[in-house]
Structure formats: structure tokens, C-alpha cells
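One structure is given here, and the rest of the page talks about it.
Note that the coordinates shown come from a computational prediction; the quantities given were computed from them, not determined experimentally. Chain letters run A, B, ... following the sequence lines, proteins first, then strands; residues in each count from 1.
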Amino acid sequence: MKIATWNVNSLRARADRVEDWLRRSDVDVLAIQETKCKDENFPWELFENNDYEVAHFGFSQWNGVAIASRVGLDDVERTFEGQPAFGKGGKDPVQEARAIAATCGGVRIWSLYVPNGRALADEHMPYKLSWLDTLNKLAGQWITENPEAQIALMGDWNIAPLDEDVWDIDFFRDNGMTHVSAPERDAFNAFLETRFTDVVRPYTPGPKTYTYWDYTQLRFPKGEGMRIDFTLASPALAARVTGASIDREERKGKGASDHAPVIVELG
DNA sequence: ATGGTGGCAGAGCCA
């Protein structure tokens, strides 16, 4: 079984590329982030025509997460329990469309789009940290309740856990950029303390191994990217992993997402 | 090449 995660940065703008990739990638499950659409605009037929079931959670032009599967799609859950809400400028806080789960082929798949902190002192940063902390505590409960649970936390984490996960750590430090700060890394590493593991890194060692390249500044041609898309697996799922890859080729050419798909192979 | 991002509710906003 092959499972993958991909921040597509608009599913409608990327429909042809996503369909082409689905056909040649041969993945059984695809966790998608940033569909950037509401259910009413979602390209359901793209998946149905290729024999995938799909579940989507999106209610505005922002965020949006989905799971496509050809090995079953059961017990769909939109948002995680206690998922922090965010209200900009005093607006009523809402639980954003950043998390959807489904059980596919016996694996509990979570497609996650972790909030972008925007800036170290921005109000989005504590939101990001509490979002991760809440999810981690919940995920820890899942493992405690069932040590054999096969859980995949897949998506765009908007964190670069290691210095080598960005193209120039000094550039990030000197400019006070997000994704590499200690609080963000602590929030990510807390999942490792909960016994989730990054099952992709061992098969895709750095340095200079990335999953995202900014559209600006010719970042992709210059090889200046970031590793911010991860699959964290519960112990029982991690034990099944036989391989992983990052499809850097998919970042090439006109109409590419700024993120590459990340694939995990299960035995 | 004095520019050089790309989505979205089409204008700012978001990443």
C-alpha cells in the first residue's frame, strides 16, 4: 500500500496535474492540503473518474483539506477534537478547514494543514503552537488507548525541524523568519516524544532535501527549498514502512504546486 | 530583463 501527502495549492488550478499524478503515482491514499475551495466547487469527478473515493473539508477560498482513497474511506472526521479556532481582528473565532481524517485500508489517515505563523510576533503564531499542542495531546491519547493503532499524521506542517531543512539557516535566523524558531520546533518535536516518527526522512536524507520551494526568487531552479511536509506515523504504522520518497519532479514545469508530493510505502 | 510568484471571492489577502 502506498500513501501520500501533497499540498496542491488550489485543487481547481491544479486539476490536470493532480489527475496526471494520481494516474502515474499509483498511490492508494492521497492526503491533500490547500484545496482552496468549498465543497460546491470541489472537483469530485476528478477522483471518481479515477476510481478514488474522496472526502473534502473546505468552506471558503482558504485552506481546505481532502483525502482520496481507493482502499476504503470510512469514519470521516472534520476537524480534530478541541481544534483551536481563530478569529482575526476580533471576529468570531472559527475552526478552520485544516484537518480531515478517514480510515483507509486499516490506517487512520489525517490530512493536516498546520497554520502558518506568519511572523514570530504575529497573533497567528500562538494559534499555530496551540493548534499543534492540542493535536499532539490528542494523538498521544489515541496511542495510549490503542497501542496498535495505525495512525498517519500527514501534511504541511509549516515547520522545518532541522537546520538542514532550509536552504540557508543563517538567512532565516538573520531575518527573524518563521518555521525554524525554537517554539515551532519544540511543538513539532513534541510529537516525537509522543512516539510518532518521521517515516520519510530515513529514506530521503538531507542535506538539500526539500518538499517546498517558494515561487519567488527562482527558489526551485536555485535549489533553495524547505522540508516542511511530513508524515508522522504511530509506532504500529511506522513498523510497516518499507520506503518513502519525495517527488521533486512534480515541482517542475508550468502550473506546478509550490509543494512536492511525499510518498510512503507500507509493507 | 532595472524585472523576476501565484492562488483566490478580482482587491487585497494569503502563502
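Taking atom CE on A:Met177 and atom C1' on B:dA15, their separation rounds to 11 Å, with Å as the unit. A:Gln33 has its CD atom 18 Å from the P atom of B:dG7, to the nearest Å. Computed from coordinates, the A:Lys254 NZ to B:dG6 P distance equals 7 Å when rounded to whole Å. The distance between atom CG of A:Asn116 and atom P of B:dC13, rounded to the nearest whole Å, is 16 Å. Remark: P of B:dA15 and NE2 of A:His259 are 11 Å apart, rounded to the nearest angstrom. If you measure from atom CH2 of A:Trp62 to atom P of B:dA11, you get 14 Å, rounded to the nearest angstrom. Between the CG atom of A:Asp258 and the P atom of B:dC14 there is a distance of 17 Å, given to the nearest Å. Note: NZ (A:Lys36) to P (B:dG12) measures 18 Å, nearest angstrom.
Among residues two or more places apart in sequence or in another chain, the salt bridge (Lys or Arg N to Asp or Glu O under 4.0 Å) test is passed with A:Asp165 by A:Arg201, A:Arg227. For A:Tyr113, there are no ring pair (Phe, Tyr, Trp, His ring centres under 6.0 Å) partners two or more places apart in sequence or in a different chain.
In this structure, A:Arg219 does not reach the B:dA15 phosphate: none of its side-chain N or O atoms is under 4.0 Å from OP1 or OP2.
Rounded to whole Å, the separation between the C1' atoms of B:dT2 and B:dG6 comes to 23 Å. Only the C1' atoms considered, B:dC8 is 25 Å distant from B:dG3, to the nearest whole Å.
Between A:Trp213 and A:Tyr210, the ring planes are perpendicular. Angles over 60° get that label, and only those under 30° would be called parallel.
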Show the atom names and distances, to 0.1 Å, of all donor-acceptor pairs under 3.5 Å that link a side chain in residues 217-226 of chain A to residues at least two apart or in another chain.
unit_1   : atom_1 : unit_2   : atom_2 : d
A:Arg219 : NH1    : A:Glu224 : OE1    : 2.6
A:Lys222 : NZ     : A:Gln217 : O      : 3.2

Distance-only check: which donor-acceptor pairs under 3.5 Å involve side-chain atoms of residues 233-244 of chain A, not counting sequence neighbours?
unit_1   : atom_1 : unit_2   : atom_2 : d
A:Ser234 : OG     : A:Ala149 : O      : 2.6
A:Ser234 : OG     : A:Ile151 : N      : 2.9
A:Arg240 : NE     : A:Gly267 : O      : 3.1
A:Arg240 : NH1    : A:Gln150 : OE1    : 2.6
A:Arg240 : NH2    : A:Gly267 : O      : 3.2
A:Thr242 : OG1    : A:Glu265 : O      : 3.4

Listing, residues 102-109 of chain A side-chain donor-acceptor contacts under 3.5 Å, not counting sequence neighbours, or none:
unit_1   : atom_1 : unit_2   : atom_2 : d
A:Thr103 : OG1    : A:Arg108 : NH1    : 3.0
A:Arg108 : NH1    : A:Asp75  : O      : 2.8
A:Arg108 : NH2    : A:Asp75  : O      : 2.9
A:Arg108 : NH2    : A:Glu77  : OE1    : 2.8

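Identified under the ring pair (Phe, Tyr, Trp, His ring centres under 6.0 Å) test for residues 1-30 of chain A, with sequence neighbours left out: A:Trp6-A:Trp21.
Heavy-atom nearest nucleotides on DNA chain B were determined for A:Asn41 and for A:Pro115, and the one closer to the 5' end corresponds to A:Asn41. Place A:Lys38 and A:Tyr212 on DNA chain B by their nearest nucleotides, and A:Lys38 ends up nearer the 5' end.
Among the heavy atoms of the strands lying under 4.0 Å from A:Tyr113 are primed sugar atoms or P, OP1, OP2 only; no base atom is included. Backbone-only contact: A:Arg98 has heavy atoms under 4.0 Å from sugar-phosphate atoms and none from a base.
Between A:Ile32 and A:Phe47 the shortest heavy-atom distance is CD1-CZ, 3.6 Å.
Within residues 7-20 of chain A, the residues that have a heavy atom under 4.0 Å from DNA chain B are, in order of number, A:Ser10, A:Arg12, A:Ala13, A:Arg14.
Two residues are said to be in side-chain contact when any heavy atoms from C-beta on lie closer than 4.5 Å; A:Phe57 and A:Thr79 meet this criterion.
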Please tabulate, one pair per line, each protein N/O and nucleotide N/O from nucleotides 1-5 of chain B that are separated by under 3.5 Å, including the distance.
unit_1 : atom_1 : unit_2   : atom_2 : d
B:dT5  : O4'    : A:Tyr215 : O      : 3.4

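Counting Ile, Leu, Val, Met, Phe, Trp and Tyr side chains that sit under 4.5 Å apart, directly or through other members, A:Met125 shares a hydrophobic cluster with A:Leu120, A:Leu129.
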